[in-house]
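Note that the numbering runs from 1 along the sequence shown for the chain.
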Amino acid sequence: MSKPVLSKNGLQHERENLRLYRKVLPSLDLKRRQLLGEQKRAEHAARQQEESFAAFNQTAVQQLPMLGARAVPLEGLLQIREIKVGVENVVGVKLPILETLTFDTAPYSFLAKPHWVDLALQKLREYAELKARIDIAHERVQIIRQAARKITQRVNLFEKILIPTAEKNIKRIQIYLADAERAAVVQSKIAKSKGRQLRRIPDDQPEPEPLLP
């Protein structure tokens, strides 16, 4: 922080800064509280996605225990064609959101594959979509946490540094100007007294009027 200018202009400058800081701080604090609320919602949504994913895996294992044996290879039957991720504006923060997830399914013989292959491919699609949603949910949490951390740092800057420093500078300049004003009055009285002594005029008598107008 630069040192304040000990003058009337410096005092005016510090007062303007203080008014600006006090004006900006409420909006920053409001955004901080909004972001912290959105952070809690994002964290809750991510936990829900993880719970859904765990429940899905448990159900899939119960419905398709034969997948663990790998008796029927499924590699190459299902591929992700495209993951389309959009952008959602939340309290001025851009967050990713899953829009579409499309797949390509390779043709296969219904006679050559067991009847449960259709169900297995359906579960693989659900698995891929849930996994994509979890990844995006975690990314949303990280982005909004970072935004909340930055705005909190700015609020702390205003509350703990800028405003107290401006208040301190104002008091310092006011004291300096008051001291300077008192010193000027004292110096003026001393100079006036010396002038009387040089002309040998008692301090209790008024100065003589000039002879010429």
Worksheet entry | Side chain proximity check, Val93 to Gln146, heavy atoms < 4.5 angstrom | no
Item to complete: Could you tell me whether Arg154 atom CZ has more than 12 heavy atoms of other residues or ligands within 6.0 Å of it?
Response: no
Fill in: For Lys123 against Phe56, the heavy-atom pair lying closest together
O-CZ, 3.1 Å
Worksheet item: Can you check side chain to side chain contact (heavy atoms under 4.5 Å, CB included) on Lys160 and Val155, steps first, answer last?
Response: CA-CA 8 Å; Lys160 299 179 180 180; Val155 169; over 6 Å; no
Discussion item. Can you tell me how far apart CD (Glu139) and CD1 (Ile144) are? Round to the nearest 0.5 Å.
Written reply: 12.5 Å
Discussion item. Walk me through whether Leu25 and Tyr21 qualify under side chain to side chain contact (heavy atoms under 4.5 Å, CB included).
Written reply: CA-CA 6 Å; Leu25 179 58; Tyr21 299 153; over 6 Å; no
Item to complete: Specify the closest pair of heavy atoms between Val141 and Ala46, including all atoms of both residues, with the distance to one decimal.
Response: CG2-CB, 4.1 Å
Practice prompt. State yes or no: do Ile161 and Phe158 share one hydrophobic cluster built from I, L, V, M, F, W and Y residues joined by side-chain heavy-atom distances below 4.5 Å, directly or via other members?
Written response: yes
Worksheet item: How many angstroms lie between OG1 in Thr102 and CD in Glu82, if you round to the nearest 0.5 Å?
Response: 5.0 Å
Discussion item. With side chain to side chain contact (heavy atoms under 4.5 Å, CB included) as the criterion, how do His44 and Lys40 come out once you've worked through the C-alpha distance, each side chain's angles and the decisive distance to 0.1 Å?
Written reply: CA-CA 6 Å; His44 178 69; Lys40 290 182 178 179; over 6 Å; no
Item to complete: Flag the pair Phe103 / Arg81 as yes when at least one side-chain heavy-atom distance between them is below 4.5 Å, and no otherwise.
Response: no
Practice prompt. First locate atom CD of Glu159, then atom CG of Leu28, and finally report the distance between them rounded to the nearest 0.5 Å.
Written response: 9.5 Å
Worksheet item: So does Lys168 pair up with Glu14, basic N to acidic O under 4.0 Å?
Response: no
Worksheet item: Do Ile143 and Pro96 come close enough that some side-chain heavy atom pair is under 4.5 Å?
Response: yes
Worksheet item: Taking all non-hydrogen atoms of both residues, which atom of Leu98 and which atom of Ala132 are closest, and how far apart?
Response: CD2-CB, 4.3 Å
Practice prompt. Taking all non-hydrogen atoms of both residues into account, name the closest pair between Val87 and Ile97 and its distance.
Written response: N-CG2, 4.0 Å
Worksheet item: Does one hydrophobic cluster hold both Leu121 and Leu119, with members joined at side-chain heavy-atom distances below 4.5 Å?
Response: yes
Fill in: Residue pair Glu50 / His138, side-chain donor-acceptor N/O under 3.5 Å
yes
Item to complete: May I ask whether Ile134 and Leu124 are part of the same hydrophobic cluster, defined by side-chain heavy atoms of I, L, V, M, F, W, Y residues being less than 4.5 angstrom apart, directly or through others?
Response: no
Item to complete: Check whether any side-chain heavy atom of Leu101 sits under 4.5 Å from a side-chain heavy atom of Lys84, and report yes or no.
Response: no
Worksheet item: Hey, are Arg41 and Glu38 close enough for a salt bridge, meaning a charged N less than 4.0 Å from a carboxylate O?
Response: yes
Discussion item. So which atom in Glu99 and which in Gly86 form the shortest heavy-atom distance, rounded to 0.1 Å?
Written reply: OE2-CA, 3.4 Å
Worksheet item: Say you draw a straight line from OG1 of Thr152 to CZ of Arg32; how long is it, rounded to the nearest 0.5 Å?
Response: 5.5 Å
Worksheet item: Atom CD1 of Ile83 and atom OG1 of Thr100: how far apart are they, to the nearest 0.5 Å?
Response: 9.5 Å
Worksheet entry | Flag side-chain contact, heavy atom, 4.5 Å: Glu16 against Gln12 | yes
Worksheet item: For Glu126 and Gln122, does a side-chain donor sit closer than 3.5 Å to a side-chain acceptor?
Response: yes
Fill in: Within-4.5 Å side-chain heavy-atom neighbours: Asn9 and Val5
no
Practice prompt. Flag the pair Glu129 and Arg133 as a salt bridge only when some basic side-chain nitrogen lies within less than 4.0 angstrom of an acidic carboxylate oxygen.
Written response: yes
Worksheet item: Counting N and O atoms only, with roles assigned by atom type, does the side chain of Thr165 sit under 3.5 Å from a partner on the main chain of Leu162, one being a donor and the other an acceptor?
Response: no
Worksheet item: CG of Asn169 to CD of Glu167: how many Å apart, nearest 0.5 Å?
Response: 10.0 Å
Discussion item. For a quick test of reading the model, state the closest non-hydrogen atom pair linking Ser7 to Ile173 and the distance between them.
Written reply: O-CG2, 3.5 Å
Item to complete: Give me the ring orientation class for Phe53 and Tyr127: parallel if the planes are under 30° apart, tilted from 30 to 60°, perpendicular past 60°.
Response: tilted
Worksheet item: Under 4.5 Å between side-chain heavy atoms, hopping through other hydrophobics if needed: is there a path connecting Ile163 to Leu20?
Response: yes
Worksheet item: Should Leu35 and Val24 be regarded as members of a common hydrophobic cluster, given that ILVMFWY residues are connected when their side-chain heavy atoms come within less than 4.5 Å of each other, either directly or indirectly?
Response: yes
